[in-house]
Amino acid sequence: MNGTFDWVYEEELSCRDGFRWSPDGENIAYWQSNTEGVGTFYMINNVDSIYSKPIPMPYPKVGTQLSAVKVGVVPAKGGETKWFDIPGDPRNNYLARMDFIPNSNELMIQQLNRPQNTNKVYVADIETLKFKNILTEKDEAFLDMHDDTRWLNNEKYFTWSSERDGWLHLYKVSRDGTDIQPITKGNFDVVSINCIDPKGGYVYYTASPDDYTQRYLYRSRIDGKGTAQRVTPASNSGQNAYQISENAKWGIQVFENATTPPVYSLVSLPAHKQIRVLEDNKELKQKFDALQLQPKEFVKVDIGDAVLDAFMIKPIDFDPSKKYPLLFYVYGEPAGSTVQDNWGGGSLWDQYMAQQGYIVMSVDNRGTKTPRGKKWRNAIYGQIGILASEDQNKAANKIMETYDFIDASRVGIWGWSGGGQMTLNCMFRYPETYKSGLAVSFVSDQRLYDATYQERYMGLLTDNAKGYHDGSPINFAQNLEGNLMVIHGTADDNVHYQSFEMLINKLIENNKIFDMMSYPMRSHRINERENTSYHLRETMEKYWKDNLPAGGK
């Protein structure tokens with residue numbers, strides 16, 4: 001494949017267009033992927049014809065062969081491609097980033113090793129095909145890819161994001177890699193870079209040093225002097241995102257929180273003076289407020305090893321003298337976070353379930369993608385499903401101890417994708433805590449998932465076989481005691497239906513009674529075809545009302 005990517009490069013490395021134009025327009029550099037030898041997974045279409053149709057897809061699972069990827073350069077007018085001979089086995093390394101250095105005929109190429117704990121940065125000449133390793137980033141756990149490179153000082157320096165001091169910060173690096181100086185500093189993470197303004201001398205970025213559920217705009221001097229300055233006013237409490245003009249004089253601010261849908265405004269910087277409201281979503285806000293729902297409450301849960309962020313939603317007619325069932329929504333994987341002070345569509349499904357008579361909560365365990373530092377995010381390394389489910393169980397028990405209105409005999413948990421896997425791990429590992437669970441589009445055996453994601457956070461299967469075993473809920477299905485429902489789409493190209501069927505087989509083998517629902521020719525999101533989303537939610541609601549009695553008692 002020329003100029004495009006296979007499934008894992010797109011899904012796990014965020015690579016889309018696999019080509020780059022040279023600054024002078026004379027050449028095109030591009031990726032070539034050779035998927036020969038990569039395992040083919042077959043999905044089956046049983047509903048659109050009287051004969052079933054297999055749908056093949058190259059998909060490298062844990063420990064199996066990856067695509068061989070290389071970078072070449074071809075003249076824009078046509079001709080032969082010249083290939084770079086980057087060191088290392090192309091089937092056990094990723095060429096995760098590649099781009100031209102401005103005003104040059106040189107490329108910056110980033111090579112990530114298979115365990116994804118070493119990133120080698122090369123500068124490569126498209127004429128001579130010579131290259132030099134100018135920077136090597138290493139980590140004891142895993143590295144994330146960043147797209148924050150901006151060339152400065154007539155291409156003598158570039159910006160670089162790194163967690164090398166324990167927090168995610170932006171650095172200024174010389175072209176030869178010998179001089180590395182911090183731009184942002186402090187015990188906080190830079191969540192995202194919004195604008196680098198060399199002329200004004202500042203970098204503008206999103207951070208949240210004091211509340212990990214919120215986001216604000218800050219700026220720091222590119223020369224590294226001084227301290228971080230908050231730009232977002234205190235009145236905008238919640239999450240703030242920005243598109244900033246190249247000269248850093250103007251910004252489009254998007255402000256939201258748990259009760260405020262996004263408000264889009266044009267602001268002047270750095271004073272952050274509001275010039276014009278572009279869209280206030282007033283009508284949506286009025287409709288939401290008219291529902292008179294209980295607000296999402298953000299709370300802290302101290303489990304001893306860590307203090308976790310959580311949210312709670314109560315029924316409209318909540319009576320603290322009664323005891324209510326507790327329904328957890330969980331994700332818990334390093335790719336995301338559930339406890340954020342953002343709009344999120346008003347959390348209407350969580351609100352709806354609360355109004356049926358449940359206390360709805362969600363907890364971010366250690367390892368989730370929140371700006372709490374490298375140690376927090378790396379805690380989960382090598383033990384996906386193990387540490388997180390332990391944190392979730394400790395949090396559930398702490399919550400039951402803290403709030404008198406929780407009925408400990410009625411505790412349920414549900415999640416989607418990684419949250420489905422976490423649901424299963426909690427149900428199978430801690431049956432004394434969780435009485436009912438609902439798992440959607442889940443991974444039951446981590447060896448079944450794609451190599452790039454799973455190996456990043458678990459290491460290689462040959463190095464961590466026990467971790468893969470102990471983190472896979474299928475190996476503990478025999479411990480199920482409560483009620484369980486599993487749901488999956490048969491055309492899920494992300495988490496395969498195979499994972500669903502293997503778990504079902506294990507539950508049957510252990511004589512465990514459970515509920516199941518499969519959605520033919522639906523993908524990971526289970527939202528294709530007529531009436532699907534509504535049917536799914538009705539199914540979920542019925543399951544909860546049948547198996548986790550609602551209402552205060």
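- Side-chain contact check for Asn527 versus Thr532: every heavy-atom pair is 4.5 Å or farther apart.
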Item to check | From CA spacing to verdict: side-chain hydrogen bond (donor to acceptor under 3.5 Å, both in side chains), Ser67, Asn34 | outcome: CA-CA 5 Å; Ser67 296; Asn34 178 5; over 6 Å; no

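- The ring-ring contact (aromatic ring centres under 6.0 Å, His included) analysis of residues 61-83, with sequence neighbours excluded, yields the pairs Tyr30-Trp83.
- The structure places CD1 of Ile313 at 5.0 Å from CG of Asp350, a figure rounded to the nearest 0.5 Å.
- Listed by chain and number, the residues in a side-chain hydrogen bond (donor to acceptor under 3.5 Å, both in side chains) with Gln116 are Arg456 (sequence neighbours excluded).
- Between the side chain of Ser472 and the main chain of Ile474, no donor-acceptor pair closer than 3.5 Å is present.
- Residues satisfying the side-chain hydrogen bond (donor to acceptor under 3.5 Å, both in side chains) criterion with Trp544, sequence neighbours excluded, are absent altogether.
- Looking at heavy atoms from C-beta onward, Phe311 lies out of side-chain contact with Gln340 at the 4.5 angstrom threshold.
- The side-chain heavy atoms of Tyr358 and Leu548, taken from C-beta on, include a pair separated by under 4.5 Å.
- Residues satisfying the ring-ring contact (aromatic ring centres under 6.0 Å, His included) criterion with Phe41, sequence neighbours excluded, are His496.
- Residue Asn119 forms a side chain to side chain donor-acceptor pair (under 3.5 Å) with just one option from Glu137, Arg97, Gln110, and that option is Gln110.
- Every residue meeting the side-chain contact (heavy atoms from CB on, under 4.5 Å) condition with Ser417, not counting sequence neighbours, appears here in chain and number order: Val495, His524.
- Side chain of Asn547 to main chain of Ser436: no donor-acceptor pair is present (N/O by atom type, distance under 3.5 Å, no hydrogens or angles).
- Looking at Glu541 and Lys545, a side-chain N of the basic residue comes within less than 4.0 Å of a carboxylate O on the acidic one, giving a salt bridge.
- Remark: Trp376 engages no residue in a ring-ring contact (aromatic ring centres under 6.0 Å, His included) (not counting sequence neighbours).
- By the 30° and 60° cut-offs, the orientation of the rings of Tyr519 relative to His535 is perpendicular.
- Distance alone, capped at 3.5 Å, places no donor-acceptor pair between the Ser52 side chain and the Asn46 backbone.
- Take Phe19 and apply the ring-ring contact (aromatic ring centres under 6.0 Å, His included) test, not counting sequence neighbours, and it matches no residue.
- Here salt bridge (Lys or Arg N to Asp or Glu O under 4.0 Å) pairs that include residues 436-445, with residues two or more places apart or in two chains, are Asp445-Arg447.
- Here the side chain of Arg91 pairs no donor or acceptor atom with the backbone of Asp89 at under 3.5 angstrom.
- Side-chain atoms of Glu106 never come within 3.5 Å of backbone atoms of Pro102 as a donor-acceptor pair (strictly under, hydrogens ignored).
- For the pair Arg150 (side chain) and Ile196 (backbone), a donor-acceptor distance under 3.5 Å is present.
- At least one donor-acceptor pair closer than 3.5 Å links the side chain of Glu256 to the backbone N or O of Trp343.
- For Asp139, the side-chain hydrogen bond (donor to acceptor under 3.5 Å, both in side chains) test picks out Lys374, Asn378, with sequence neighbours left out.
- Residues Tyr434 and Ser389 fail the side-chain proximity criterion, which asks for heavy atoms closer than 4.5 Å.
- Sorted by first and then second residue, the salt bridge (Lys or Arg N to Asp or Glu O under 4.0 Å) pairs involving residues 30-57 (not counting sequence neighbours) are Asp48-Arg529.
- Residues passing the side-chain hydrogen bond (donor to acceptor under 3.5 Å, both in side chains) test with Ser347 are Lys296, sequence neighbours excluded.
- The closest side-chain heavy-atom distance from Met458 to Tyr468 is below 4.5 Å.
- Note: Ile413 CD1 to Ser362 OG = 9.0 Å, rounded to the nearest 0.5 Å.
- Residues Leu170 and Trp160 fail the side-chain proximity criterion, which asks for heavy atoms closer than 4.5 Å.
- At least one donor-acceptor pair closer than 3.5 Å links the side chain of Arg20 to the backbone N or O of Met98.
- Taking 4.0 Å as the cut-off between side-chain N and carboxylate O, Asp125 and Lys130 do not count as a salt-bridged pair.
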Checklist entry - How far apart are the C-alpha atoms of Arg164 and Ser162, what are their side-chain angles, what is the distance that settles it, and do they pass the side-chain hydrogen bond (donor to acceptor under 3.5 Å, both in side chains) test? => result CA-CA 5 Å; Arg164 58 183 57 204; Ser162 172; 3.1 Å; yes

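- When each of Lys369, Arg377, Lys375, Arg215 is checked for a salt bridge (charged side-chain N to carboxylate O under 4.0 Å, His left out) with Asp189, only Arg377 meets the rule.
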Checklist entry - Given the rule in the side-chain hydrogen bond (donor to acceptor under 3.5 Å, both in side chains) test, do Ser337 and Tyr331 qualify, once you have shown the distances and angles that lead to the verdict? => result CA-CA 7 Å; Ser337 164; Tyr331 181 68; over 6 Å; no

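- Considering only heavy atoms from C-beta on, Met516 stays 4.5 Å or farther from Met485 through its side chain.
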Next on the checklist: Under the criterion side-chain hydrogen bond (donor to acceptor under 3.5 Å, both in side chains), I'd like the reasoning laid out for Gln421 against Ser444: C-alpha separation, chi angles, the key distance, then a yes or no.
Outcome noted: CA-CA 6 Å; Gln421 176 180 250; Ser444 64; over 6 Å; no

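- Aromatic ring pairs are classed by plane angle as parallel below 30°, tilted from 30° to 60° and perpendicular above 60°; the pair Tyr449 and Trp7 is perpendicular.
- Sorted by first and then second residue, the side-chain hydrogen bond (donor to acceptor under 3.5 Å, both in side chains) pairs involving residues 501-516 (not counting sequence neighbours) form an empty list.
- Panel note: side chain Gln239, backbone Thr213; a donor-acceptor pair is recorded below 3.5 Å.
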